[in-house]
Engineer: 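Handing you this structure, nothing more for now.
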Amino acid sequence: MRTDNIPYIIFAAFFSYFIILNVYYVILTIIALFESRKRRLESAAEDYQRLLVSAFTLPVSFVIPAHNEEDWVVDTVKSVLNQEYPEFEVIVVNDCSADKTFQVLDEFLKLEPVEKNYADRFTCGELSGIFASRTHPQVTILNKTNGCKKAAAVNAALNLAKFKYICLIDADTVLEPDALIKVMAQVQKDPDKIIGAGGYFGLVNGFTIRDGRVLKKNFLQQPLIAYQNVEYIRSLAVHRIAWSKYNAMPLVAGGFSVWRRDILLDLGGYSSEFSSEDLEFTLRAHDYIIEKKKDGYRILMLPYLVGWTEGPGNLKSFIIQRDRWQRVTNEAVWKYRHMILRPSHKAIAFLTLPYFLFYEVLGVFVEMAALALAIGGAVSGLIDFRVFLAYLVFMILCNAVISLTALFIFVRDQAVLKTREIAYFILLIFLEFFWYRWLMTMAKLSGTINYLRGVRSFDKYQRQQR
Amino acid sequence: MIYSSSRGWLAGVRARQLLILKKRLESVAASKSLAPQDKCELMIGKIDPLEAAEVVQNKKFVLSPQLHAQLRACFISQDKLGQIRQIALKSRNKWRRIQAMISLGASGDLQAIQVLARGLSDQDEDVVYFAMLALGQIKNAQSAKLLLEFLGKRVYSGYKIVSLLEDFPDLIVPQVIAVTQSGDPFVRFWCLKLLAKFKPAAYLEMITQLTQDSSADVRSAACECLGETGQPAAKEVLLVCIKDEAWFVRMRAVRALAKILKHEALPLITPLLKDPDLLVRESVKNALSLNH
């Protein structure tokens with residue numbers, strides 16, 4: 001091989017990586033275009049009124065782990081109590097909070113200690129008390145003072161949850177009143193097969209909320225928050241909808257996830273060994289069911305806006321959150337590497353996990369190397385500046401086309417964004433390459449380094465003042 | 001942005017169209033110079049059948065009772081339902097077929113049952129699903145028969161199908177009782193769950209027999225059903241069921257006894273406070289606390 005060919009070979013390798021990735025995105029986008037429309041029409045024709053009054057609508061246990069959530073937890077609980085759903089219970093786990101989480105719950109729910117049969121099936125730490133609400137009998141509060149981790153808090157609630165389906169939500173999530181009925185209407189079609197389901201959610205930052213209801217939605221937020229919304233749209237409205245069609249959903253997000261209780265129990269609940277739980281648990285569920293040779297199971301992603309969650313409002317918080325997401329991605333992909341390209345695991349083995357390995361895990365190295373080589377090459381003259389510029393424009397346009405299509409799907413199927421908000425998002429999409437993308441890459445790099453250093457903590461970022 | 005703006009604009013146009021339509025309907029209905037047949041032709045003769053169905057069902061705007069009655073009569077005389085049945089059978093647009101099926105269900109059209117029955121065996125799962133929902137809206141013995149047969153095919157869950165049948169009139173009870181003799185325990189189980197909603201005291205003997213079923217799920221559903229009937233005659237059979245090998249049968253039997261006998265059940269169920277299963281013990285505790 002001639003040495004003067006090496007730059008071209010390197011360039012070709014990076015370019016191929018980029019092209020393969022974008023072809024993959026285009027395929028997912030086309031699938032999502034049709035799948036999301038089908039789900040919208042399906043939802044429009046569904047008879048929700050019947051489900052609301054039926055004695056056969058599956059009851060659901062809500063589980064809300066709360067660690068230092070004094071600002072949000074009452075609104076979250078109120079939004080759950082506002083659910084238009086025939087029967088549900090709510091279990092809030094006050095997970096070693098050092099703030100006034102318990103006090104604000106007590107003030108709202110008028111709590112009193114109760115004795116309940118509580119058998120710890122998961123060794124998730126002792127409880128210091130179980131409380132029932134005098135005003136809302138369907139609400140139970142568990143107070144935990146040791147074994148503090150989100151996974152252990154969820155597992156503690158599972159010990160007490162009595163219904164067939166469990167809806168896990170974060171304590172900073174405000175649900176839409178029809179969130180549960182929309183998701184459960186689909187689950188109820190085949191509860192023997194549907195083991196998990198998730199929905200869309202966006203960022204609540206800047207919204208006006210009162211008594212657990214979103215009164216005013218405002219998407220014209222500072223770019224960091226708006227970019228996260230664009231990213232959520234891209235991920236939820238395209239990737240996950242397309243993966244879900246082929247039962248290859250790798251992640252039912254912890255912000256709102258519905259799981260069948262027997263699956264949670266059979267799998268031993270959430271695992272505390274990971275930096276975050278949702279991705280690991282979803283992959284574990286796939287692996288478990290496939291290994292049990294149970295055909296026809298489904299994990300769904302439904303294009304219904306179920307709620308709103310608080311996102312990081314400043315750069316430091318953003319990096320902390322994305323660092324953790326990257327760590328859990330690396331941890332989960334490493335743990336479930338045996339599923340990759342394994343024929344028995346079907347679509348998840350071929351459609352999703354290779355993407356996670358090559359883009360989510362290794363992509364950070366490729367992006368950093370590509371950036372260094374491109375800048376170094378352009379400065380040293382090894383790469384023609386016009387070629388560099390053309391490549392840059394091509395990348396921006398590819399990214400923009402995919403993001404714009406995701407935005408189109410979202411606007412078409414969810415009546416949420418106003419015209420000026422859509423215009424703002426379009427502008428941001430074209431500028432994304434110049435800073436947000438690199439901010440994400442830096443956070444991913446930080447997460448990868450921390451993963452290699454063995455960091456496994458659940459670092460919570462600073463909440464914004466409400 | 002263009003899409004969003006155009007959608008908003010189209011919504012506005014649609015609202016105005018509906019308003020114009022409403023005014024036109026009112027003026028035609030009020031006209032004294034037109035014959036009833038001409039009125040019908042003018043009112044809904046040229047409207048798309050699915051849109052006409054929406055108007056008649058008062059979905060988009062509220063019509064006065066008189067106008068609504070007139071429109072309904074016109075809708076029938078113009079054979080709009082026949083046209084909708086044709087759409088449900090033949091349209092190439094799947095979602096238009098589905099919309100037609102939903103309209104047929106909402107209209108309670110008896111002739112639509114054959115169309116919807118064909119929908120139940122369609123290749124497309126969405127068509128099957130909405131044919132099933134539409135049948136659930138035509139609450140008669142014929143649609144109940146189709147839905148009970150469909151239950152045995154296990155295309156959709158028992159929860160879904162039984163939830164469609166739960167608010168049918170009592171006349172379907174003999175049909176459901178007959179299906180409890182099915183060879184499929186899944187069908188027997190769901191029929192008993194459904195029967196519990198109807199509290200069929202007249203069929204106590206047949207339900208009692210199912211407490212001896214080979215399937216524990218069926219035995220437990222039979223206990224629940226007996227509890228709902230509220231007949232003290234079920235006491236003896238439930239006392240046998242509290243010794244069943246399956247914990248959930250014992251649990252249901254405890255609940256049923258407590259429901260039928262109230263405080264008189266307490267001495268009978270108290271020994272189950274030592275049951276090996278937590279949920280059985282919990283049921284006894286609940287019964288004790290409720291009846292003390």
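These numbers come from a predicted model, not from an experiment. Lettering follows sequence order; numbering is per chain, from 1.
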Engineer: Would you please go through residues 117-127 of chain B and name the residues with a non-hydrogen atom below 4.5 Å from one of chain A, in numerical order?
Structural biologist: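 Against chain A, the residues of residues 117-127 of chain B that fall inside the cut-off (heavy atoms, under 4.5 Å) are E125(B), D126(B).
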Engineer: Going from CD on Q99(B) to CG on L41(A), what distance comes out if it is rounded to the nearest 0.5 angstrom?
Structural biologist: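 That separation rounds to 9.5 Å.
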Engineer: Which bit of Y156(B) comes within less than 4.5 Å of chain A, counting heavy atoms only: side chain, backbone, both or neither?
Structural biologist: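 Contact with chain A: backbone and side chain both.
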Engineer: Starting at CH2 of W95(B), measure out to CZ of R37(A) and round the result to the nearest 0.5 Å.
Structural biologist: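 Taking CH2 in W95(B) and CZ in R37(A), the distance rounds to 8.0 Å.
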Engineer: Specify which of L133(B), I98(B), L164(B) makes the most heavy-atom pairs with chain A at under 4.5 Å.
Structural biologist: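 Highest number of pairs under 4.5 Å: L164(B).
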Engineer: About how many Å separate NZ of K162(A) and CG of L279(B), when rounded to the nearest 0.5 Å?
Structural biologist: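 Going from CG on L279(B) over to NZ on K162(A), the span is 10.5 Å.
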Engineer: What's the separation between atom CZ in R154(B) and atom CG in D192(A), rounded to the nearest 0.5 Å?
Structural biologist: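 Rounded to the nearest 0.5 Å, the CZ-CG separation comes out at 8.5 Å.
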Engineer: In Å and rounded to the nearest 0.5 Å, what is the NZ to CG distance from K160(B) to L51(A)?
Structural biologist: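 It is 4.5 Å, given to the nearest 0.5 Å.
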Engineer: Measure distances from E421(A) to the heavy atoms of chain B and classify the residue's part below 4.5 Å as side chain, backbone, both or neither.
Structural biologist: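 Contact with chain B: none, neither part.
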Engineer: Is it the case that more than 12 heavy atoms not belonging to F34(A) sit under 6.0 Å from its CZ atom?
Structural biologist: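 No - once you tally the heavy atoms of other residues, nucleotides and ligands closer than 6.0 Å, there are 12 at most.
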Engineer: Name the region of L407(A), side chain, backbone, both or neither, that has any atom closer than 4.5 Å to a heavy atom of chain B.
Structural biologist: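 Neither; nothing under 4.5 Å.
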Engineer: Which of the residues A45(A), A44(A), A119(A), A185(A) is involved in the greatest number of heavy-atom pairs with chain B at under 4.5 angstrom?
Structural biologist: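 Of A45(A), A44(A), A119(A), A185(A), A45(A) has the most heavy-atom pairs under 4.5 Å with chain B.
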Engineer: Compare every heavy atom of E46(A) with every heavy atom of F130(B), then report the nearest pair and how far apart it is.
Structural biologist: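 Reported closest heavy-atom pair: CE2-N, 4.0 Å.
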Engineer: Heavy-atom count check: over 12 atoms from other residues, nucleotides or ligands less than 6.0 Å from Q49(A) CD?
Structural biologist: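 No - once you tally the heavy atoms of other residues, nucleotides and ligands closer than 6.0 Å, there are 12 at most.
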Engineer: Between atom CD1 of I161(B) and atom CD of Q188(A), what is the distance when rounded to the nearest 0.5 Å?
Structural biologist: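 The distance works out to 11.0 Å.
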Engineer: Which heavy-atom pair separates D190(A) from V155(B) by the least distance, and what is that distance?
Structural biologist: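 Smallest interatomic distance, heavy atoms only, reads OD2-O, 4.5 Å.
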Engineer: More than 12 non-hydrogen atoms from neighbouring residues, nucleotides or ligands closer than 6.0 Å to NZ on K145(B), yes or no?
Structural biologist: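 No, the 6.0 Å shell around NZ holds no more than 12 heavy atoms from other groups.
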Engineer: Does atom NZ of K193(A) have more than 12 heavy-atom neighbours from other groups under 6.0 Å away?
Structural biologist: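 Counting neighbours around NZ of K193(A), 12 or fewer heavy atoms of other residues, nucleotides or ligands fall under 6.0 Å, so no.
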Engineer: State, to 0.1 Å, how close K193(B) and F56(A) come at their nearest heavy-atom pair, and which atoms those are.
Structural biologist: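 Scanning both residues completely, I find the closest heavy atoms to be O-CZ, 3.5 Å.
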